[in-house]
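Okay, so here's the structure we're looking at.
Letters A, B, ... mirror the listed sequences (proteins, then strands); counts begin at 1. Both backbone and side-chain heavy atoms feed into the values below; hydrogens, waters and symmetry mates do not.
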Amino acid sequence: MRLSRYFLPVLKENPAEAQIVSHRLMLRAGMIKQSSAGIYSWLPLGYKVLKNIEKIVHEEQVKAGHIPMLMPTLQSADLWRESGRYDDYGQEMLRIKDRHDRDMLYGPTNEELITDIFRSHVNSYKDLPLTLYHIQWKFRDEVRPRFGVMRGREFLMKDGYNFDLTKENALHAYNRHLVTYLRTYERMGLQAIPMRADGGPIGGDYTHEFLVLAETGESEVFYDSEITDLKFGSRDIDFDSVEECQAVLEEFTSRYARTDETHDEAVFNEVPEERRRTARGIEVGQIFYFGTKYSEAMNATVVDNEGNKVPVHMGSHGIGVSRLLGAIIEASHDENGIIWPEGVTPFHCGIVNLKQGDAEADAACDALYKSLTALGLEPLYDDRNERAGGKFATMDLIGLPWRITVGPRGLKNGVVELTSRRTGESEELPPEQAVEKIAQIYASL
RNA sequence: CGGGGCGUAGCGCAGCCUGGUAGCGCGACGGUUUUGGGUACCGUAGGUCGUAGGUUCGAAUCCUAUCGCCCCGACCA
């Protein structure tokens, strides 16, 4: 993409409404525009990152055998009356009447809908196990939306639901989700720590929240410092293997790690003092096993191998897709702007032409652009007639992890400059080597 | 929902107390200049001061109502 033809409304000054760094940077980098309290338009750059995150979530779910689908945002109140949550949910639920005066609602979550779909079409234990998920917009009418997309009223969320014959099978699904979530967050350049959580209104004894450590996090967290040394890495997991998934669960959840909701000072004090950490965290996902709570209320049953009608064991699992943008920025930025991890960056690299209009520089940039594109990479070429300082400032602000700087001075020696946004380190290379190096970096992800 | 604050040009703000021709910086646009980290100068455009009502000869300014937004707290898959 040529910047002169793109839509990237960057702001030089900080908008008054934004207090925390991710919100400020998203507004300044032209990623979002507030439409009303807690509701945002996603401008092209923000939309690109949102789609990249969504893609990673999909890929990891599909790898584990979970099946994508899509349920509507607007739901009938009837199903919610059946589960008993129409009255329980309170004012957070946006209630709407249609022209026939029927009660509708903008879904804050989808347990009711998915359970209804399940019971309509699944009757036998032979159809289990089954895990369905979707990535869809949700609406929760928060009393006080804040922190930009981190606590909006409208937000994009992946929510998945597993249906199993037995508790054991459902717990395997739980573990499988834990594994997929660890991989998902790592691919986005995040360390998200599974912490024992509170069941909340959904209930359930088995639940973990995934927390990204950040000063601006809403939850206070307590953990054993050994846990931050754990990496999932590129290990291969057989998702059908109960033992393998269970082993991952044990590896990642056996050390102390809890939010303030479940924190137990006495247990915490058993951790050696030098390893005890207190910090703040951003919740970016949660997994639940809640047994037969919804299946019983909504009559979602299967016939087992002895001919008995039994309620299915269920769990639900969520990832806050839109919230992740804020979380990633909170975890990865500096005073000049965002620093995107390679896994989610909106463009693979930037090309800065220091002297627009100089025939040699223009030609070198065009050539770089072509070679990168030919390799399947997407560069953002700043071809505006701006001064170098302005171009650098824009690139730093929008946070592309790699930048190729092209100017007449370097071209005289046959080199361009390749700069890492994260470290700020530069090296001078012939253009084709710079392209190759970037290609290698992305190929190794 | 309790407490606090703010709505004046695209963005950031001053002016309001003490009523009298609506300002500044950045940005945009045109030009000159400059060109390796937000260059300098000249010029231009852009606001019925959130909205409605009231007081007044006269309201951005005072009064009332209302809408919106932000912050702290409570709340929160």
Side-chain angles (χ1 to χ4, degrees), chain A residues 9-20 23-24 27-28 30 33-40 85 88-93 107-111 138 140-148 150-153 155 157-161 177 195 197-204 206-211 218-219 259-261 282-290 293-294 315-320 323 335-337 352-358 361 382 384-397 403-413 415-417 419 424 426 428:
Chain A
V10 299
L11 304 174
K12 207 164 177 177
E13 289 172 274
N14 278 324
E17 79 252 24
Q19 298 300 313
I20 67 163
H23 191 195
R24 278 205 301 268
L27 289 166
R28 284 195 52 209
K33 171 165 172 27
Q34 180 165 332
S35 155
S36 61
I39 302 179
Y40 295 86
R85 287 209 293 180
D88 291 351
Y89 222 96
Q91 297 219 294
E92 254 192 26
M93 182 189 282
T109 174
N110 285 67
E111 277 85 3
K138 308 286 190 291
R140 290 184 198 165
D141 201 0
E142 298 275 353
V143 191
R144 188 185 155 210
R146 63 189 113 166
F147 305 148
M150 296 233 287
R151 194 172 188 75
R153 292 195 292 171
F155 57 98
M157 182 172 177
K158 172 261 169 183
D159 47 322
Y161 306 88
H177 279 88
M195 300 199 177
D198 188 37
I202 284 183
Y206 296 85
T207 175
H208 282 90
E209 283 181 349
F210 289 77
L211 278 291
E218 288 194 90
S219 321
T259 66
D260 45 7
E261 289 170 341
I282 301 166
E283 186 201 329
V284 292
Q286 187 160 12
I287 54 178
F288 290 93
Y289 161 71
F290 47 69
K293 174 176 171 167
Y294 292 94
S316 74
H317 325 88
I319 292 180
R323 172 180 282 189
E335 65 279 4
N336 296 321
V352 168
N353 188 344
L354 291 172
K355 191 161 186 177
Q356 207 69 45
D358 176 273
D382 191 345
R384 297 170 304 162
N385 194 18
E386 293 283 329
R387 279 181 56 96
K391 292 189 177 187
F392 289 140
T394 299
M395 283 294 173
D396 286 350
L397 175 63
R403 186 186 80 209
I404 302 178
T405 309
V406 180
R409 219 176 277 175
L411 289 176
K412 277 202 184 72
N413 303 316
V415 295
V416 296
E417 196 179 70
T419 307
S426 292
E428 295 198 328

Between [X] (side chain) and [Y] (backbone), is there a donor-acceptor pair under 3.5 Å?
{"X": "Arg24(A)", "Y": "Gln19(A)", "answer": "yes"}
{"X": "Arg140(A)", "Y": "Pro108(A)", "answer": "yes"}
{"X": "Tyr161(A)", "Y": "Asn110(A)", "answer": "yes"}
{"X": "Arg28(A)", "Y": "Leu11(A)", "answer": "yes"}
{"X": "Arg323(A)", "Y": "Glu283(A)", "answer": "yes"}
{"X": "Lys391(A)", "Y": "Arg384(A)", "answer": "yes"}

Return the 5'-most residue of the pair Ala393(A), Lys355(A) with respect to RNA chain B, ranking by each residue's nearest nucleotide.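 Taking each residue's closest nucleotide, the earlier one in sequence belongs to Lys355(A).
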Identify, between Ser36(A) and Glu261(A), the residue whose nearest nucleotide on RNA chain B lies closer to the 5' end.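 Closest to the 5' end, via its nearest nucleotide, is Ser36(A).
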Could you verify whether a donor N or O on one side chain and an acceptor N or O on the other, from Arg85(A) and Tyr294(A), lie under 3.5 Å apart? yes
Donor-acceptor pair between Gln286(A) and Thr207(A) side chains, under 3.5 angstrom: yes
Calculate the interatomic distance between [X] atom [atom1] and [N] atom [atom2]; express it in whole Å.
{"X": "Leu354(A)", "N": "U39(B)", "atom1": "CG", "atom2": "C1'", "value": "15 Å"}
{"X": "Glu142(A)", "N": "C70(B)", "atom1": "CD", "atom2": "P", "value": "13 Å"}
{"X": "Glu335(A)", "N": "G38(B)", "atom1": "CD", "atom2": "P", "value": "15 Å"}
{"X": "Leu411(A)", "N": "G36(B)", "atom1": "CG", "atom2": "P", "value": "15 Å"}
{"X": "Arg146(A)", "N": "C72(B)", "atom1": "CZ", "atom2": "P", "value": "7 Å"}
{"X": "Arg28(A)", "N": "C26(B)", "atom1": "CZ", "atom2": "C1'", "value": "12 Å"}
{"X": "Ile39(A)", "N": "C69(B)", "atom1": "CD1", "atom2": "C1'", "value": "13 Å"}
{"X": "Lys412(A)", "N": "G36(B)", "atom1": "NZ", "atom2": "P", "value": "13 Å"}

Using 30° and 60° as the class limits, which term best fits the ring planes of His317(A) and His177(A): parallel, tilted or perpendicular?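 His317(A) and His177(A): parallel rings.
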Suppose we call a contact any N or O donor and acceptor under 3.5 Å apart; does that hold for the side chain of Arg403(A) and the base of G36(B)?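 By the distance-only test, no, there is no pair.
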Considering only side-chain heavy atoms of Pro408(A), which listed nucleotide, C75(B), C69(B), G36(B), is closest?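 Taking heavy atoms from C-beta onward, the closest nucleotide is G36(B).
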Mind checking Gly390(A) for me? I need base, sugar-phosphate or nothing, with any heavy atom below 4.0 Å counting as a touch. base
With heavy atoms under 4.0 Å as the rule, sort Gly285(A) into base, sugar-phosphate or nothing. nothing
Sticking with atom [atom1], work out how far [N] lies from [M], rounded to a whole angstrom.
{"N": "A22(B)", "M": "G47(B)", "atom1": "C1'", "answer": "8 Å"}
{"N": "U21(B)", "M": "U64(B)", "atom1": "P", "answer": "25 Å"}
{"N": "U51(B)", "M": "G68(B)", "atom1": "P", "answer": "15 Å"}
{"N": "C49(B)", "M": "G23(B)", "atom1": "C1'", "answer": "12 Å"}
{"N": "C69(B)", "M": "G31(B)", "atom1": "P", "answer": "41 Å"}
{"N": "G58(B)", "M": "C41(B)", "atom1": "C1'", "answer": "41 Å"}
{"N": "G53(B)", "M": "C13(B)", "atom1": "P", "answer": "30 Å"}
{"N": "A65(B)", "M": "G12(B)", "atom1": "C1'", "answer": "30 Å"}

Residues two or more places apart in sequence or in another chain: which of them pass salt bridge (Lys or Arg N to Asp or Glu O under 4.0 Å) with Glu218(A)? Arg151(A)
With sequence neighbours left out, write down each residue that passes salt bridge (Lys or Arg N to Asp or Glu O under 4.0 Å) with Lys355(A), or none if nothing qualifies. none
Watson-Crick or G-U wobble mate for [N], both contacts under 3.5 Å:
{"N": "U32(B)", "result": "A40(B)"}
{"N": "A59(B)", "result": "none"}
{"N": "G7(B)", "result": "C67(B)"}
{"N": "G2(B)", "result": "C72(B)"}
{"N": "U21(B)", "result": "none"}

With sugar-phosphate taken as primed atoms, P, OP1 and OP2 and all else as base, the protein-contact string of nucleotides 28-34 of chain B at under 4.0 Å (heavy atoms; B, S, -) is ------B
Each nucleotide of nucleotides 2-7 of chain B classed B (base within 4.0 Å of a protein heavy atom), S (only sugar-phosphate) or -, in 5' to 3' order, makes ------
Is there any protein nitrogen or oxygen under 3.5 Å from a nitrogen or oxygen in nucleotides 8-13 of chain B, and what are the pairs?
{"from": "C11(B)", "atom 1": "O2", "to": "Glu13(A)", "atom 2": "OE1", "distance (Å)": "3.2"}
{"from": "G12(B)", "atom 1": "OP1", "to": "Ala16(A)", "atom 2": "N", "distance (Å)": "2.9"}

Are any of Lys12(A)'s side-chain N or O atoms less than 4.0 Å away from OP1 or OP2 of G38(B)?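 Result: no.
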With respect to the phosphate group of C70(B), does any side-chain polar atom (N or O) of Gln34(A) fall under 4.0 Å of OP1 or OP2?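 Result: yes.
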Between Ser219(A) and Met195(A), is the side-chain contact (heavy atoms from CB on, under 4.5 Å) condition met? List the steps. CA-CA 11 Å; Ser219(A) 321; Met195(A) 300 199 177; over 6 Å; no
Of all heavy-atom pairs between Gly148(A) and Tyr40(A), which one has the smallest distance, and what is that distance? CA-OH, 3.2 Å
With sequence neighbours excluded, tell me which residues meet side chain to side chain contact (heavy atoms under 4.5 Å, CB included) with Pro9(A). Phe7(A), Leu43(A)
